[in-house]
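See below for the structure under consideration.
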Amino acid sequence: MALSSTFCPRIPNKFRYTPISSFPSKPLLSLSFRTFASLASDASSQADKFSGRVGFLGLGIMGAPMAQNLMKAGCDVTVWNRTKSKCDPLINLGAKYQSSPEEVAANCDVTFAMLADPESAIDVACGKNGAASGMGPGKGYVDVSTVDVSTSKLINEHIKATGALFLEAPVSGSKKPAEDGQLIFLTAGDKSLYDSVAALLDIMGKSRFYLGEVGNGAAMKLVVNMIMGSMMASFSEGILLSKKVGLDPNVLVEVVSQGAISAPMYSLKGPSMVKSLYPTAFPLKHQQKDLRLALGLAESVSQSTPIAAAANELYKVAKSYGLSDEDFSAVIEALKAKSQD
Amino acid sequence: MEIGFLGLGIMGKAMSVNLLKNGFKVTVWNRTLSKCNELVALGASVGETPAEVVKKCKINIAMLSDPAAALSVVFDKDGVLEQICGKCYIDMSTVDPDTSCKISEAITSKGGHFLEAPVSGSKQPAETGQLVILAAGEKALYEEAIPAFNVLGKKSFFLGQVGNGAKMKLVVNVIMGSMMNAFSEGLVLADRSGLNPHDLLDVLDLGAIANPMFRGKGPAMLQDNYSPAFPLKHQQKDMRLALALGDENAVSMPVAAAANEAFKKARSMGLEDLDFSAVFETMKILKHKS
């Protein structure tokens, strides 16, 4: 595979974001990061604001707040969602509506898509009345769904065949970062499209990476979520073990938060996991999908990943317990016997 | 306060230096006596045996590498037990709960006072006094030890009866060992998929799974630098002890079990004295030996 040319080179230490116990909304350092990123940008002069018409396909947990942020920033937004009623809040904010992805694409300069899985992403892009049918030269399609590499390449082909530009741009971050405009975009594909939409990405996110050829963004997202899924499973084992040996799991969460393995995810979700509550920020079924795709990626490069494989089994068990729509932290239930609390 | 300090390895040396620099009088002992010299240069006294140190000091801290060493220092000839009547013993080694209970019983039945206090944190937090101390046992001794704990660490917990500190430490370290494996799998997959692993580090550092361990060790791992802050053999020991706890209590731990296998493989490859992040090496492309 070609070496990815990183748009955002290694950040020198002074620019590094140092997380504190709770996630601040727009830390000063992240502004420096974005400035650094756009300073390093290419020749094409980048307008501070994006003045074109923006389409948004898919208004689920992620798409709705992302589209809302674009609206609040004053963008001209046209929406579509498979279940039309989900569009109403956006329409009430002033968004336009079209009844198919094709019509959205035809009426917009850049169209974003945020779908739940590879199947929907392909269907929305390339299916009947799909976005590709409304694409053409001068337009762009930015798929922010999380899919496998071959799905992304397939969508890329279909979009490019119309003369339009394509950017894959899956995000790291779930519901709250989407609401707060704190997503991390892991993009790859047409560099000129990346440059054109940078301002839009900056509205929805706190940082963005350009990782080179199509597939690299998808792969990066899968790697990150593979690590995350394994970490959540490990944390779950720890919480359960602490309970079973007579420790207070809340104290474990506090001890973890003080040391080298302190991660925002643990501090944020630990307390509710201890109470067997899993309010959905990132549905378990999507985490399992990502693990499945990551294992597929690993297989394609002949890499053994026993930890991720073991974690994946736990998510499958959790799904069999009916926990697909709970937050992925519900994986802890998979370690319990079904009748336990 | 005069403190006895037994065990001057990676952790013990840094901890006793901290105590000395903060005005404590310290008497040290180490199995290899020459390791005491550096401490003597900083003002410490030396005891030739654990018993000698305990004879001299009211409060004694031990920092040994594993259950065998922790037991030996207490029970062997010229060991702690011989002089423990009326004295205090704080074992900051990481051991299994049974070993800790055994030591506690022996100490208290001879009229001594006992506190287990394993720590979370490795070489650097030991040097900078940023350890997290997980104490359990005699509450009164815990209170007495607080001035020393405040120098050694940034936060102390009192967790109740002997065994709870040991258990808490093992739970933390089993999560850590699994995380290091997950991280290593991710770094290898990034590389094999044609990504720049340094980009992965940058992405991780911005999100919900950012943590000091990834941030601190990631770059070194990518340079094949495994200078030991926490030796792999000790991490694997902790995984094994935690899995044994899970075993005793019928707790399902498939991810930790898989992680333990990777650490065992690392040991079989001769990596046990390197930092535990060297488990990364087991996941790179290896030539098959027939």
Side-chain angles (χ1 to χ4, degrees), chain A residues 1-4 6 8 10-11 16-17 19 172-173 184 186 206-207 209 211 216 219-220 223-224 226-228 230-231 233-235 237-238 240-242 244-247 251-252 255-256 258-265 268 294 297-298 301 303-311 313-314 335, chain B residues 97 120-122 125 132 134 154-155 157 159 163-164 167-168 171-172 174-176 178-179 181-183 185-186 188-190 192-196 198-213 215-216 242 245-246 249-259 261-262 283:
Chain A
M1 297 209 182
L3 257 172
S4 55
T6 321
C8 297
R10 294 237 333 116
I11 311 162
R16 281 198 175 274
Y17 169 58
S172 189
I184 302 163
L186 307 171
K206 65 173 176 179
S207 57
F209 292 75
L211 299 167
N216 286 352
M220 181 64 83
V223 172
V224 170
M226 179 179 81
I227 298 172
M228 182 164 82
S230 296
M231 279 174 66
S234 310
F235 187 50
E237 288 181 351
L240 206 57
L241 180 62
S242 71
K244 286 292 185 90
V245 299
L247 298 172
V251 176
L252 170 66
V255 170
V256 164
Q258 292 287 331
I261 56 171
S262 171
M265 176 175 84
L268 285 166
L297 178 62
V301 294
Q303 182 191 345
S304 174
T305 53
I307 274 67
E313 286 304 309
L314 292 176
L335 294 163
Chain B
S120 191
S122 66
V132 177
L134 308 170
K154 62 172 172 172
K155 189 133 172 124
F157 293 82
L159 301 169
N164 285 355
K167 290 173 183 174
M168 184 65 82
V171 176
V172 171
V174 78
I175 298 173
M176 180 165 83
S178 297
M179 273 174 72
N181 270 274
F183 184 45
E185 284 186 353
V188 175
L189 184 56
R192 296 235 194 128
S193 305
L195 301 173
N196 182 342
H198 286 96
D199 288 340
L200 174 60
L201 293 184
D202 290 341
V203 173
L204 289 173
D205 210 40
L206 288 164
I209 54 177
N211 61 87
M213 180 173 80
R215 187 176 317 125
L245 260 190
N249 292 277
V251 180
S252 184
M253 297 170 66
V255 176
E261 286 303 310
M283 303 184 189

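Quick caveat: nothing in here was measured; it's all calculated off a predicted structure. Throughout, a chain's letter reflects where its sequence line sits, starting with A, and its residues are numbered from 1.
Expressed to the nearest 0.5 Å, how far CG of Asn216(A) lies from CG of Asp199(B) amounts to 9.5 Å. Here CG of Leu314(A) is found 6.5 Å from OG of Ser252(B). Values are rounded to the nearest 0.5 Å. Atoms CG and CE, from Asn211(B) and Met265(A) in turn, are 9.5 Å apart once rounded to the nearest 0.5 Å. Once rounded to the nearest 0.5 Å, the distance linking CD of Glu261(B) with CD1 of Ile307(A) reads 9.5 Å. The OG atom of Ser172(A) sits 7.0 Å away from atom CD1 of Ile209(B), with the distance rounded to the nearest 0.5 Å. Distance check, rounded to the nearest 0.5 Å: OG of Ser230(A) to CE of Met179(B) gives 11.0 Å.
If you measure heavy-atom distances from Val251(B) to chain A, the contacts under 4.5 Å come from the side chain alone. Proximity to chain A (any heavy atom under 4.5 Å) is restricted, for Val132(B), to the side chain, taken from C-beta onward. Using a 4.5 Å cut-off between heavy atoms, Leu245(B) contacts chain A through both its backbone and its side chain. For Leu204(B), the part lying near chain A is the side chain, with the backbone staying farther off; criterion is any non-hydrogen pair under 4.5 Å. At a 4.5 Å heavy-atom cutoff, the contact between Met220(A) and chain B is made by backbone and side-chain atoms alike. Contact of Ile184(A) with chain B is made through the side chain alone, with heavy-atom distances under 4.5 Å. Of the atoms belonging to Leu247(A), it is side-chain heavy atoms, and not backbone ones, that fall under 4.5 Å from chain B.
Comparing Leu134(B), Val188(B), Leu159(B) by how many heavy-atom pairs each has under 4.5 Å with chain A, the most go to Val188(B). Among Glu185(B), Met176(B), Met213(B), the residue making the largest number of heavy-atom pairs under 4.5 Å with chain A is Glu185(B). Contact count versus chain B (heavy atoms, under 4.5 Å) is highest, among Ala260(A), Gly238(A), Ser234(A), Gly259(A), for Ala260(A). Ranking Leu186(A), Val251(A), Val255(A) against chain B, the residue ahead of the rest is Val255(A), based on heavy-atom pairs under 4.5 Å.
Side chains of Val203(B) and Val223(A) form no contact here, defined as non-hydrogen atoms less than 4.5 Å apart. Looking at Leu252(A) and Met168(B), their side chains come closer than 4.5 Å, going by heavy atoms from C-beta outward.
Of the possible polar contacts, none joining the Lys155(B) side chain to the Gln258(A) backbone as a donor-acceptor pair under 3.5 Å is found.
Partners of Ala219(A) by side-chain contact (heavy atoms from CB on, under 4.5 Å), not counting sequence neighbours, listed by chain and number: Val149(A), Leu297(A), Ser193(B), Leu195(B). Ala298(A) is linked by a side-chain contact (heavy atoms from CB on, under 4.5 Å) to Gln303(A), Thr305(A), Leu189(B), counting only residues two or more places apart in sequence or in another chain.
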Exercise. Would Glu237(A) and Ile175(B) count as a side chain to side chain contact (heavy atoms under 4.5 Å, CB included) if you check the C-alpha gap in whole Å, the side-chain angles of each, and the deciding distance to 0.1 Å?
Worked result: CA-CA 8 Å; Glu237(A) 288 181 351; Ile175(B) 298 173; over 6 Å; no
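The two atoms that bring Ala258(B) and Ala310(A) nearest to each other are CB-CB, 4.5 Å, heavy atoms only.
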